[in-house]
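Worksheet: the structure to be examined is printed underneath.
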Amino acid sequence: MASSTPSAFDPEHTKKERDDEEENSPAADDEDTGAQVAPIVKLEEVAVTTGEEDEDAIIDLKSKLYRFDKDSNQWKERGTGTVKLLKHKDTGKVRLVFRQSRTLKICANHLVIAGTKVQEHPGNDKSCIWHATDFADEELKDELFCIRFASVENCKTFMENVQEVAESQSKEESKDASETAKLLDKLSVDEDKTEGSAKEASGDASVNDKKEKAETEKKVAEPASSA
């Protein structure tokens with residue numbers, strides 16, 4: 001007659017208990033020994049400069065930039081990134097800078113001057129085009145740019161700000177020209193005064209010379225007195 005009591009050695013039962021013990025026991029690698037491990041190489045912080053430290057951003061918008069290639073007579077993509085209008089804190093000059101998002105490569109870099117005009121791209125109200133003398137490739141080049149934004153609002157914001165900067169630069173140039181003209185007039189007046197003073201001094205000297213000459217001739221003409 002078979003007994004219903006489990007045998008003293010049950011392989012399956014023993015394996016299950018062993019697996020449970022392994023699962024519940026903490027792994028040796030995860031144990032915190034409290035030891036402090038010093039890094040092998042100590043890295044020092046390095047200051048990264050962008051060349052924009054002395055400028056304030058007027059706008060900073062995500063966009064995609066294109067330039068017109070005259071040789072192939074077609075638009076070529078320059079990159080996807082951000083376009084900024086940066087105003088210098090001291091000079092007040094404003095430049096347009098476009099950087100690629102990943103590489104931060106500069107794809108457009110030029111001043112916004114009085115003659116800068118931005119126009120909406122025909123058939124696409126999210127894009128606009130303009131001419132500029134660009135320095136992105138570290139040499140001055142006449143470029144035709146096209147920029148496309150994610151929304152019509154961003155495109156309008158870009159166009160309005162560029163237009164405002166161009167108009168302000170025009171006023172500054174007129175102001176500078178007026179101040180230069182005033183300075184030239186002042187210099188001209190000062191020169192006239194100097195010439196007049198020189199002529200007066202020359203005239204006085206001539207009169208004095210004549211008086212001295214006359215007195216000398218008079219003395220020579222007078223006879224010597226007798227003793």
Side-chain angles (χ1 to χ4, degrees), residues 46-185:
V46 178
V48 179
T49 58
T50 62
E52 303 174 8
E53 288 74 20
D54 295 329
E55 298 168 304
D56 294 323
I58 299 174
I59 61 171
D60 185 349
L61 300 170
K62 292 182 179 180
S63 52
K64 182 176 286 188
L65 184 69
Y66 302 83
R67 61 175 288 274
F68 189 77
D69 183 63
K70 297 178 182 179
D71 295 333
S72 60
N73 197 33
Q74 63 181 354
W75 290 102
K76 289 192 175 182
E77 182 178 339
R78 292 284 281 170
T80 299
T82 57
V83 61
K84 295 181 182 180
L85 291 180
L86 300 171
K87 184 175 183 179
H88 198 277
K89 296 176 182 178
D90 295 330
T91 65
K93 298 293 184 181
V94 179
R95 65 176 177 139
L96 183 151
V97 177
F98 182 95
R99 290 180 183 270
Q100 289 183 355
S101 296
R102 295 183 179 179
T103 63
L104 299 181
K105 177 184 176 182
I106 295 178
C107 300
N109 181 21
H110 64 79
L111 289 174
V112 179
I113 58 176
T116 304
K117 294 182 179 180
V118 182
Q119 299 177 339
E120 184 178 304
H121 192 284
N124 191 337
D125 54 3
K126 295 181 182 179
S127 303
C128 54
I129 57 177
W130 74 97
H131 282 94
T133 303
D134 191 67
F135 195 69
D137 296 331
E138 298 186 354
E139 62 176 327
L140 291 175
K141 293 181 181 179
D142 291 330
E143 299 281 12
L144 175 60
F145 288 113
C146 175
I147 194 167
R148 187 174 68 191
F149 297 92
S151 65
V152 177
E153 289 74 15
N154 283 353
C155 185
K156 288 183 177 180
T157 298
F158 173 79
M159 293 178 64
E160 290 172 357
N161 278 274
V162 172
Q163 187 65 31
E164 288 178 5
V165 171
E167 291 176 358
S168 67
Q169 293 300 318
S170 179
K171 292 178 181 178
E172 287 294 328
E173 289 180 5
S174 298
K175 181 180 178 181
D176 292 342
S178 177
E179 291 179 352
T180 301
K182 290 180 180 179
L183 180 60
L184 290 174
D185 289 340

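Small disclaimer: the values here were computed from a predicted structure and weren't measured. Scope of the values below: all heavy atoms of this structure, side chains included, with no hydrogens, waters or symmetry mates. Along the sequence shown, the residues carry numbers beginning at 1.
At a threshold of 4.5 Å between non-hydrogen side-chain atoms, the residues Val118 and Phe145 do not count as touching. A heavy-atom distance below 4.5 Å is not found between the side chains of Ile147 and Lys64. Contact annotation: the side chain of Phe68 never approaches that of Ile129 to less than 4.5 Å [non-hydrogen atoms, C-beta and beyond]. By the 4.5 Å heavy-atom criterion applied to side chains, Leu61 and Thr82 are not counted as neighbours. Side-chain atoms of Cys107 and Gln100, non-hydrogen and from C-beta on, do get closer than 4.5 Å to each other. Taking the side chain as every heavy atom from C-beta outward, Glu120 and Asp125 approach each other to under 4.5 Å. Contact check for Val94 versus Leu111: no side-chain heavy atoms found under the 4.5 Å cut-off. At least one side-chain heavy atom of Cys128 sits under 4.5 Å from a side-chain heavy atom of Met159.
With rounding to the nearest 0.5 Å, the separation of CD in Glu143 from CZ in Arg78 is 6.5 Å. Here Asp60 contributes atom CG and Lys84 contributes atom NZ; the two are 5.0 Å apart, rounded to the nearest 0.5 Å. In this structure, Leu85 CG and Ile59 CD1 are separated by 4.0 Å, a value rounded to the nearest 0.5 Å. To the nearest 0.5 angstrom, Asp134 atom CG is 8.5 Å from Leu140 atom CG. Here Thr91 contributes atom OG1 and Lys89 contributes atom NZ; the two are 12.0 Å apart, rounded to the nearest 0.5 Å. Rounding to the nearest 0.5 Å places NZ of Lys93 at 5.0 Å from CD of Gln169.
Nearest heavy atom pair, residue Glu77 against residue Tyr66, reads CA-CD2, 3.6 Å. The two residues Phe98 and Gly81 come nearest to each other via the heavy atoms CZ-N, 3.4 Å. Of all non-hydrogen atoms in Val83 and Ser63, the two that sit nearest each other are CG1-OG, 3.6 Å. Across every non-hydrogen atom of Arg95 and Asn109, the tightest pair is NH1-OD1, 3.0 Å. Contact between His88 and Glu55 at its shortest, heavy atoms only, is CA-CG, 4.0 Å. Between Ala150 and Lys126, the shortest heavy-atom contact is O-NZ, 3.6 Å.
Using modelled atom types, one finds no donor on one side chain facing an acceptor on the other under 3.5 Å when comparing Thr157 with Asn154. Under 3.5 Å, the side chains of Ser170 and Glu167 contain no donor-acceptor pair of N or O atoms. Side-chain contact, Arg148 with Asn124: no donor N or O sits under 3.5 Å from an acceptor N or O.
Between Phe158 and Trp130, the ring-plane angle classifies as tilted under the 30° and 60° cut-offs.
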Arg67 and Asp69: side chain to side chain contact (heavy atoms under 4.5 Å, CB included), yes or no, with the steps?
-> CA-CA 6 Å; Arg67 61 175 288 274; Asp69 183 63; 3.9 Å; yes
Is there a side chain to side chain contact (heavy atoms under 4.5 Å, CB included) between His110 and Thr133 once you walk through the steps?
-> CA-CA 6 Å; His110 64 79; Thr133 303; 5.9 Å; no
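Open room surrounds CD on Glu138; 12 or fewer heavy atoms of other groups in view lie less than 6.0 Å from it. Crowding of Lys70 atom NZ: a count of heavy atoms from other residues, nucleotides or ligands under 6.0 Å not exceeding 12.
Under the 3.5 Å distance criterion, the side-chain polar atoms of Thr49 are left unmatched by any main-chain donor or acceptor of Gly51. Looking at Arg99, its side chain does come within 3.5 Å of a backbone N or O of Leu104 through a donor-acceptor pair.
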